[in-house]
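What follows is a short report on a single structure.
Chain letters run A, B, ... following the sequence lines, proteins first, then strands; residues in each count from 1. All values reported here derive from a predicted model rather than from experimental measurement.
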Number of protein chains: 2
Amino acid sequence: MGKGEETRQGILDEALALASQVGVSGLSIGALADKAGMSKSGLFAHFGSKEEMQIAVLREGQQRFVDTVVRPALKSPRGIARLRAILTNWIDWTRRAKLPGGCPMNAAANEFDDQPGPVRDAVEAGLADGRRLLANAVRMAIEAGELRPDTDVDQFVFEFSGIVLVTMQGQRLFREKDASQRALDAFERLVRDYAAPSANA
Amino acid sequence: MGKGEETRQGILDEALALASQVGVSGLSIGALADKAGMSKSGLFAHFGSKEEMQIAVLREGQQRFVDTVVRPALKSPRGIARLRAILTNWIDWTRRAKLPGGCPMNAAANEFDDQPGPVRDAVEAGLADGRRLLANAVRMAIEAGELRPDTDVDQFVFEFSGIVLVTMQGQRLFREKDASQRALDAFERLVRDYAAPSANA
DNA sequence: TGATTTATAGCACGAACGTTCGTTTTTAGT
DNA sequence: ACTAAAAACGAACGTTCGTGCTATAAATCA
């Protein structure tokens, strides 16, 4: 890895941390350059435009998400156990990833959903990836015979995502201490409703 | 209503519409003054600071929410029917309220959850109000004998809120056409699990 | 080591930011 | 209609925004 890639990576690390607190649209070149200990123009040269930088930050966040949430969950056996692992990893993934704030992708989703452009596209693609990944895990649970064969996969993913979103809001805005417990309870209720009859009869 | 209050109200109307698209922190005095057809300084004088303006916008949004979601739902009879009415009103309330974008309070929740100060306090108070209101409606459903007496009210509100959040994300970011149908399905599954046994045996 | 590419810094730009101030216009009360 | 009060304006402040240029410093390679 050349020197350029190295500092670029360092910048993205700082940027992700900052974005988790102030959002992707709240990221400014000047503030980021200060954090990274370099000049505005020097930092700027790595991306060419602010928009490119924002997209790079989102990509970085996505990769960090995979490393923190998805990859470790693969150690749990396919099926409901793995879905549960994804949930528990997900709902405090920014803490695990040592980010000082909340999920940058989620914040960006709220910031850019009404502002068409490349950044919005990147956010949508990123979150769609997450849903696709979830859907695969659900399908595995069906194949494993733990969820009913006629389970509406997209509906399951939809409700699962709702649990994630409200848990994050509970943690970050309301500082609810028992948000993750509520998330688990909601999850158990969800899988109970979609469970294959043979599994827990 | 004096002239001052009148224009202030007009400003807040424009501000709410703008905030629904660019967020509360994306609101700038200059852009808002343009939309409102007046000078920066003239507009500024109505609030004294940007922070005060942001808080005023959030309050305006909250009131609009009550008028659009809560008040109409009171026409539905207490119990599950009213809860369902709240849900259906909620998940497209910005359309009903003629706002061009998404829910400003929700956007602000993601923008300010990691930035302490009066604005964050206002957001937290506003959303807490929503949850309190929901909790009351749930308690009425219990009293009406439609939900089990041992229903965990806060857990119910938690899961209900999750449905709302994921539905809004589905509508605004993913442009899912069937998001509201999924929301209703999730709601029916929720009330089925918490339903009093006598109600639908 | 010397040559060359690459990375960073410095500086300046026009625009927009929130805010202050003094003046002018408009409203409200008599 | 005249006056006192309220409201809106226009200009300017200092700062930060994103983005260009040009020069210097550092890393890469022969």
Side-chain angles (χ1 to χ4, degrees), chain A residues 1-16 18-19 21-60 104 107-108 111-112 115-120 122, chain B residues 1-16 18-19 21-60 104 107-108 111-112 115-120 122:
Chain A
M1 179 161 61
K3 176 83 199 315
E5 282 303 319
E6 198 174 330
T7 58
R8 186 189 147 103
Q9 188 58 44
I11 293 171
L12 286 178
D13 283 352
E14 293 285 353
L16 200 61
L18 195 52
Q21 294 183 287
V22 303
V24 170
S25 58
L27 266 186
S28 83
I29 309 263
L32 183 53
D34 276 2
K35 281 255 179 193
M38 60 187 298
S39 68
K40 269 207 302 178
S41 53
L43 187 147
F44 183 83
H46 280 276
F47 304 99
S49 77
K50 174 170 190 184
E51 210 173 59
E52 285 299 325
M53 180 194 76
Q54 291 175 319
I55 293 173
V57 171
L58 288 173
R59 275 199 236 286
E60 174 70 17
E111 295 167 7
F112 290 94
Q115 286 168 275
V119 182
R120 202 210 110 103
Chain B
M1 180 161 62
K3 178 80 198 316
E5 283 302 318
E6 197 173 331
T7 58
R8 186 190 147 103
Q9 187 60 43
I11 293 172
L12 286 178
D13 284 351
E14 294 283 355
L16 202 60
L18 195 52
Q21 295 183 285
V22 302
V24 171
S25 58
L27 266 185
S28 81
I29 309 261
L32 184 52
D34 276 2
K35 281 255 177 193
M38 59 188 298
S39 67
K40 272 205 301 177
S41 53
L43 188 146
F44 183 85
H46 280 275
F47 304 99
S49 76
K50 175 171 190 184
E51 211 173 59
E52 284 299 324
M53 180 194 76
Q54 290 175 319
I55 293 173
V57 171
L58 288 173
R59 275 200 236 286
E60 175 70 17
E111 295 168 7
F112 290 94
Q115 287 170 271
V119 182
R120 202 209 109 102

Sequence neighbours left out, cut at 3.5 Å: what donor-acceptor pairs do the side chains of residues 31-48 of chain B make with other protein atoms?
| residue | atom | partner | partner atom | Å |
| --- | --- | --- | --- | --- |
| B:S39 | OG | B:G42 | N | 3.1 |
| B:H46 | NE2 | B:T7 | OG1 | 3.4 |

For DNA chain C, which consecutive runs of 3 or more Watson-Crick or G-U pairs (each distance under 3.5 Å) count as stems?
->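 C:2-26 with D:5-29 - these are the stems of 3 or more pairs that involve DNA chain C.
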For atom [atom1] of [X] and atom [atom2] of [N], their distance in whole Å:
| X | N | atom1 | atom2 | value |
| --- | --- | --- | --- | --- |
| B:F47 | C:dT20 | CZ | P | 16 Å |
| B:E6 | D:dA8 | CD | C1' | 14 Å |
| B:I29 | C:dT20 | CD1 | P | 11 Å |
| B:F44 | C:dC21 | CZ | C1' | 12 Å |
| A:L32 | D:dG18 | CG | C1' | 13 Å |
| B:Q54 | C:dG18 | CD | C1' | 11 Å |

Residue pair [X] / [Y]: nearest heavy atoms and the distance that separates them:
| X | Y | result |
| --- | --- | --- |
| A:V24 | A:A108 | CG2-CB, 4.1 Å |
| B:E111 | B:G23 | OE2-CA, 3.2 Å |
| B:P104 | B:L16 | CG-CD1, 4.0 Å |

Quick one: CG on A:L12 to CD on A:E5, what's the gap to the nearest 0.5 Å?
->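 Here the rounded value is 9.0 Å.
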Could you tell me whether B:L27 contacts a base, only the sugar-phosphate backbone, or nothing, with contacts defined as non-hydrogen atoms closer than 4.0 Å?
-> sugar-phosphate
Hits for side chain to side chain donor-acceptor pair (under 3.5 Å) against A:E60, two or more places apart or cross-chain, chain-then-number order -> A:Q9
Using side chain to side chain donor-acceptor pair (under 3.5 Å) as the criterion, list what pairs up with A:Q54, not counting sequence neighbours.
-> none
Across all chains, not counting sequence neighbours, the salt bridge (charged side-chain N to carboxylate O under 4.0 Å, His left out) partners of B:R8 are none
Please produce a list of atom pairs where a protein N or O lies less than 3.5 Å from an N or O of nucleotides 6-11 of chain C.
| residue | atom | partner | partner atom | Å |
| --- | --- | --- | --- | --- |
| C:dT8 | OP1 | A:T7 | OG1 | 3.1 |
| C:dT8 | OP2 | A:T7 | OG1 | 3.4 |
| C:dT8 | OP2 | A:H46 | NE2 | 2.3 |
| C:dA9 | OP2 | A:S39 | N | 2.7 |
| C:dA9 | OP2 | A:S39 | OG | 3.0 |
| C:dA9 | N7 | A:S41 | OG | 3.3 |
| C:dG10 | N7 | A:S41 | OG | 2.9 |
| C:dG10 | O6 | A:S41 | OG | 2.8 |

